[in-house]
Amino acid sequence: CGSTVSKAMEAGSSVQAELEFRGAEFSVRVDTGEELMIVEVSDLLTADQWRGEFDPAYVEDLTRKTGNFKQFPIFCSMLESAVCKSSESVSLDLLTYSDLELLRNRKAGMLGRLRPPAQSSTLSTKRYLILIYSVEFDRIHYPLPLHYQGKPDPAALQREIRALQAELAALGINVGKDPRDAETHRIRAELAQVR
């Protein structure tokens, strides 16, 4: 799990990992600060991206509604632990709106009685990152709504790559000159996927 402390997020932290949900691979990134948590999910195959920004009031209200209240910093730590898979008591799932409704209906005991409602395009593109907190006799699901951001702009990605290459050159690092450089190979593979 990649983890860094970010000055831009008021001494917050950032974690990122590649995770599998329902047979598909995703990159999940969580940036946390004192007053904001940003969650970004990218499909590694299609490059589709989803994002959500959550302040302490939203998170604490969400946790209160589940009946298992968590303060904002504790919730952020739980989410980071789930991304990094550093605790067995927290895990993640990624659901569509239909998946979430099915889960709600199943929990309410109405599985066979309801037809799925017609979905708007906004609801069908939205995803929910579910933080699952498992305690001895209970499982609590905290759904975080993520809005569809689309696919990354190839021109913007190319500009970013050129800027990073220029920065590396300014530091005197020869990119791609050493065939044993595993990081260079990884970056080239990512670039090939974007193209």
Side-chain angles (χ1 to χ4, degrees), residues 1-4 6-10 12-33 35-59 61-62 72 75-76 79-80 82-85 91-104 116-132 141-168 175 183-195:
C1 183
S3 177
T4 60
S6 167
K7 291 179 184 173
M9 295 280 302
E10 300 175 357
S13 65
S14 178
V15 295
Q16 183 169 346
E18 292 182 3
L19 304 172
E20 186 173 313
F21 300 112
R22 302 172 189 267
E25 292 185 13
F26 294 85
S27 172
V28 178
R29 178 182 174 99
V30 177
D31 295 315
T32 58
E35 297 298 321
L36 187 65
M37 176 178 65
I38 300 172
V39 178
E40 297 174 326
V41 175
S42 300
D43 186 316
L44 293 178
L45 182 63
T46 66
D48 288 317
Q49 299 176 333
W50 295 268
R51 177 184 167 101
E53 294 185 5
F54 309 96
D55 63 15
Y58 180 89
V59 168
D61 185 52
L62 169 72
F72 182 72
F75 186 87
C76 291
L79 186 57
E80 289 172 350
V83 170
C84 293
K85 296 183 177 181
S91 59
L92 295 172
D93 200 358
L94 186 66
L95 301 178
T96 64
Y97 180 77
S98 296
D99 295 334
L100 188 61
E101 284 300 302
L102 185 62
L103 183 68
R104 285 179 181 156
Q119 291 185 27
S120 71
S121 63
T122 303
L123 288 178
S124 66
T125 58
K126 198 180 232 186
R127 295 293 180 269
Y128 295 85
L129 186 66
I130 311 296
L131 174 62
I132 304 164
H141 296 81
Y142 301 104
L144 296 170
L146 305 176
H147 300 281
Y148 184 64
Q149 303 296 301
K151 296 182 187 298
D153 176 24
L157 291 173
Q158 288 292 336
R159 284 191 299 275
E160 181 72 18
I161 290 168
R162 285 191 293 277
L164 291 171
Q165 287 172 334
E167 186 177 328
L168 288 172
V175 179
E183 185 67 10
T184 301
H185 291 291
R186 185 187 65 76
I187 292 170
R188 285 181 185 211
E190 287 180 18
L191 179 58
Q193 281 183 329
V194 170
R195 289 184 183 166

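Just so you know, residue 1 is the first one in the sequence shown, and it goes up from there.
With a 4.5 Å cut-off on side-chain heavy atoms, V83 and Q16 do not count as touching. T96 is listed as a side-chain neighbour of D99, based on a closest heavy-atom distance under 4.5 Å. Considering only heavy atoms from C-beta on, L62 comes within 4.5 Å of L144 through its side chain. Between K151 and D48, some side-chain heavy-atom pair lies under the 4.5 Å cut-off.
Partners of E160 according to the side-chain hydrogen bond (donor to acceptor under 3.5 Å, both in side chains) rule, which considers only residues two or more places apart in sequence or in another chain, do not exist here. Qualifying ring pair (Phe, Tyr, Trp, His ring centres under 6.0 Å) partners for F26, counting only residues two or more places apart in sequence or in other chains: F21. Here A192 pairs with nothing under the side chain to side chain contact (heavy atoms under 4.5 Å, CB included) rule; sequence neighbours left out. By the salt bridge (Lys or Arg N to Asp or Glu O under 4.0 Å) test, D61 is found to be paired with K65, residues two or more places apart in sequence or in another chain being considered. Taking A189 as the reference, nothing meets the side chain to side chain contact (heavy atoms under 4.5 Å, CB included) condition, with sequence neighbours excluded. R51 meets the side-chain hydrogen bond (donor to acceptor under 3.5 Å, both in side chains) test with E40, E53; sequence neighbours excluded. Scored by the side chain to side chain contact (heavy atoms under 4.5 Å, CB included) test, P145 finds F54, Y58, K126, Y128 as partners (sequence neighbours excluded). Applying the salt bridge (Lys or Arg N to Asp or Glu O under 4.0 Å) criterion to R162, with sequence neighbours excluded, gives no partner residue. The side chain to side chain contact (heavy atoms under 4.5 Å, CB included) test applied to I132 returns S91, D93, I130, S134, R139, H141, not counting sequence neighbours. Residues passing the salt bridge (Lys or Arg N to Asp or Glu O under 4.0 Å) test with K85, sequence neighbours excluded: none. Legend: residues meeting salt bridge (Lys or Arg N to Asp or Glu O under 4.0 Å) with D43, ordered by chain and number and at least two apart, are absent. Listed by chain and number, the residues in a side-chain hydrogen bond (donor to acceptor under 3.5 Å, both in side chains) with D55 amount to none (sequence neighbours excluded).
Heavy atoms only, all atoms of each residue included: A47 and P152 are closest at O-CD, 3.1 Å. Heavy-atom minimum distance, L36 versus F72: C-CZ, 3.8 Å. Closest heavy-atom contact between E35 and P56: O-CD, 3.4 Å. Summarising the geometry of L94 relative to R127, their closest heavy-atom pair is CD1-CB, 3.9 Å, with the distance given to 0.1 Å. Annotation for L79 and L92: closest pair CD1-CD2, 3.6 Å, computed over non-hydrogen atoms.
Under the 3.5 Å distance criterion, with hydrogens and angles disregarded, a donor-acceptor pair is assigned to the side chains of S13 and T32. Under the 3.5 Å distance criterion, with hydrogens and angles disregarded, a donor-acceptor pair is assigned to the side chains of S14 and R29.
Note that CE of M37 is 9.5 Å distant from CD of E80, once rounded to the nearest 0.5 Å. With rounding to the nearest 0.5 Å, the separation of CD1 in I187 from CG in L164 is 8.0 Å.
Heavy atoms from other residues, nucleotides or ligands lying under 6.0 Å from CD of E20 number more than 12.
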Checklist entry - Which is it for R188 and E190 under the side-chain contact (heavy atoms from CB on, under 4.5 Å) test, yes or no, and what are the steps along the way? => result CA-CA 5 Å; R188 285 181 185 211; E190 287 180 18; over 6 Å; no
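Side-chain atoms of S42 never come within 3.5 Å of backbone atoms of L44 as a donor-acceptor pair (strictly under, hydrogens ignored). Not a single donor-acceptor pair under 3.5 Å links the side chain of W50 to the backbone N or O of G150.
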